[in-house]
Amino acid sequence: MNLASLLSKERINLFLKPGKKNKIIEDLVYSLKKDADAELIVSTLQKREELGSTGIGKGIAIPHCRSLAVDKLEIAVGRTTKPISFNAIDKKPVSLIFLIIAPPQDPGNQYLLTLGKIVQIAKEITKKKLIQKPQTPEEFIALINQIEKDLKKRK
Amino acid sequence: MSLDKIEMHLKLLFDLDNLLDDLDEPAYKEIGFKIKDAERRSLIKARSELLLKLPLDIADVYERLKKRYRRAIAPVENDFCFGCFQKLPTQLLTRSKEINTCPNCGRILYWRKK
Ligand SMILES: [Zn+2]
């Protein structure tokens, strides 16, 4: 499984206007889906955040859930132009957000595998201080691709 | 309660149940997100309250199906029930004015908004 192949340029916004956590999550969901069920996804993501912030530390958050509202794995990426408060585990503000939504039925457990992979890649991004580096969606995808390759080599 | 409202409650209930289920998945635990126990308990409470808001017969069917299959609702894709992967009879192929269940497996059917 390759994360870069699940990303699409149209769903990467590297210049998101900063705002409240819930608003940013909402905006990212609406970038994926605009119908009546988008609200359902937002509610489920909010419930997930209540269980404990998906801000994994050092400026990255990975809100995620399964929802009846989608029929395949959907990923949106947003980077806010200024860090925002996300109640992250290290209490630090967040600027890079990977949003992932999966269908309930999910052959091969693609959702949890992808989620695990994003966490792994996110840790590399912070370790190498690359959050601010990509300036276009293409560069962002290329960066993810490169990190994936490096991680594979290390195994 | 209107059908729309019932559907809305059912969908949220289902999403919350999936959320709670995933917390116990070994692959999820391995990833290492920190989950607060108190919040987890309040989510379980919230899903029970949601269940109580549903008409009794529907709540009953949902709980029975959940026990049997874990996932009580199946989306309809290309005329197939995505719970048991059987083709649905033609009279069921469009959204109707009631909550429908799959004639083969019994799961509650859900037509995704297009
Ligand atoms: Zn079925």
Side-chain angles (χ1 to χ4, degrees), chain A residues 29 33-57 60-72 74 87-91 98 100-123, chain B residues 4 7-47 50 66 69-78 80-85 95 105 107-114:
Chain A
V29 169
K33 216 168 161 33
K34 284 186 193 74
D35 61 33
D37 273 348
E39 244 175 85
L40 173 68
I41 302 176
V42 172
S43 305
T44 309
L45 285 169
Q46 278 167 358
K47 289 286 181 206
R48 171 61 193 81
E49 290 301 319
E50 284 169 19
L51 288 171
S53 176
T54 60
I56 59 165
I60 298 186
I62 309 170
H64 57 270
C65 70
R66 288 183 201 270
S67 180
L68 199 50
V70 298
D71 58 0
K72 59 177 189 348
E74 308 271 13
N87 313 318
I89 51 167
D90 61 354
K91 311 268 185 244
F98 290 88
I100 160 165
I101 308 169
Q105 281 81 0
D106 169 32
N109 228 352
Q110 196 196 18
Y111 168 52
L112 296 180
L113 290 173
T114 308
L115 192 56
K117 189 147 204 190
I118 293 179
V119 171
Q120 208 186 357
I121 289 172
K123 286 181 179 158
Chain B
D4 270 359
E7 226 183 44
M8 208 180 73
H9 283 346
L10 267 176
K11 285 189 288 186
L12 186 58
L13 177 63
F14 182 72
D15 273 9
L16 297 187
D17 278 343
N18 281 318
L19 192 56
L20 285 163
D21 271 354
D22 275 334
L23 300 182
D24 294 321
E25 284 284 331
Y28 189 79
K29 287 188 188 163
E30 226 172 78
I31 298 172
F33 288 105
K34 303 258 181 302
I35 304 295
K36 298 183 216 152
D37 277 337
E39 297 298 337
R40 183 184 183 142
R41 281 194 297 274
S42 77
L43 185 59
I44 293 172
K45 201 168 148 235
R47 71 82 60 191
L50 205 51
K66 184 177 185 290
Y69 297 120
R70 192 158 77 112
R71 296 201 166 107
I73 303 182
V76 177
E77 301 279 356
N78 302 320
F80 280 81
C81 163
F82 248 50
C84 64
F85 298 98
R95 284 173 86 84
C105 68
R107 287 181 178 90
I108 296 166
L109 294 171
Y110 172 66
W111 280 263
R112 216 167 253 131
K113 303 257 183 345
K114 288 288 170 214

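Below, chains carry the letters A, B, ... as their sequence lines are ordered, and counting in each starts from 1. Note that the structure is predicted; figures quoted are calculated from it, not measured.
- The minimum heavy-atom distance between B:I31 and A:G116, with the atom names listed, is CD1-N, 3.6 Å.
- Panel note: side chain B:R71, backbone A:P104; a donor-acceptor pair is recorded below 3.5 Å.
- For A:L115, the parts lying under 4.5 angstrom from a heavy atom of chain B are both the backbone and the side chain.
- A 4.5 Å side-chain heavy-atom check between A:L112 and B:E25 finds at least one atom pair inside the cut-off.
- Residues A:D71 and B:P75 are not in side-chain contact: their nearest non-hydrogen atoms beyond the backbone lie 4.5 Å or more apart.
- Expressed to the nearest 0.5 Å, how far CG of B:D22 lies from CG of A:N109 amounts to 8.0 Å.
- Heavy-atom pairs under 4.5 Å with chain B were tallied for A:Q120, A:E39, A:H64; the largest tally goes to A:H64.
- A cation-pi arrangement is absent between A:R66 and B:F14 under the rule of less than 6.0 angstrom and at most 45 degrees off the ring axis.
- Within a 6.0 Å radius of NZ in A:K123, other residues, nucleotides and ligands contribute 12 heavy atoms or fewer.
- Annotation: the span from B:L16 atom CG to A:K47 atom NZ amounts to 6.5 Å, rounded to 0.5 Å.
- With respect to chain B, the highest number of heavy-atom pairs below 4.5 Å among A:C65, A:A69, A:S43 belongs to A:A69.
- To the nearest 0.5 Å, atom CG of residue A:L68 and atom CG of residue B:L10 are 9.5 Å apart.
- When heavy atoms are compared at a cutoff of 4.5 Å, B:L12 approaches chain A by way of both its backbone and its side chain.
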Derivation and outcome, side-chain contact (heavy atoms from CB on, under 4.5 Å), residues B:L19 and A:L51: CA-CA 10 Å; B:L19 192 56; A:L51 288 171; 4.2 Å; yes

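- For B:L23, the part lying under 4.5 angstrom from a heavy atom of chain A is the side chain only.
- For chain B, the nearby part of A:I56 is the side chain; its heavy atoms alone come within less than 4.5 Å.
- Atom CG of B:N78 has 12 or fewer neighbouring heavy atoms from other residues, nucleotides or ligands inside a 6.0 Å radius.
- Going from atom CD1 of A:I89 over to atom CZ of B:F33 covers 9.0 Å, rounded to the nearest 0.5 Å.
- Within a 6.0 Å radius of NZ in A:K91, other residues, nucleotides and ligands contribute 12 heavy atoms or fewer.
- A distance of 12.0 Å separates CD1 of B:I35 from CD of A:E50, quoted to the nearest 0.5 Å.
- Comparing A:P103, A:G52, A:S67 by how many heavy-atom pairs each has under 4.5 Å with chain B, the most go to A:S67.
- Taking NZ of B:K34 as the reference point, atom OG of A:S53 lies at 12.0 Å (rounded to 0.5 Å).
- Looking only at heavy-atom pairs under 4.5 Å with chain B, the residue among A:K33, A:R48, A:Q105 that has the most is A:R48.
- Judged purely by atom type and a 3.5 angstrom limit, B:D15 has no side-chain atom pairing as donor or acceptor with the backbone of A:I41.
- With chain B as the partner, the residue from A:V119, A:L113, A:V70 showing the most heavy-atom pairs under 4.5 Å is A:V70.
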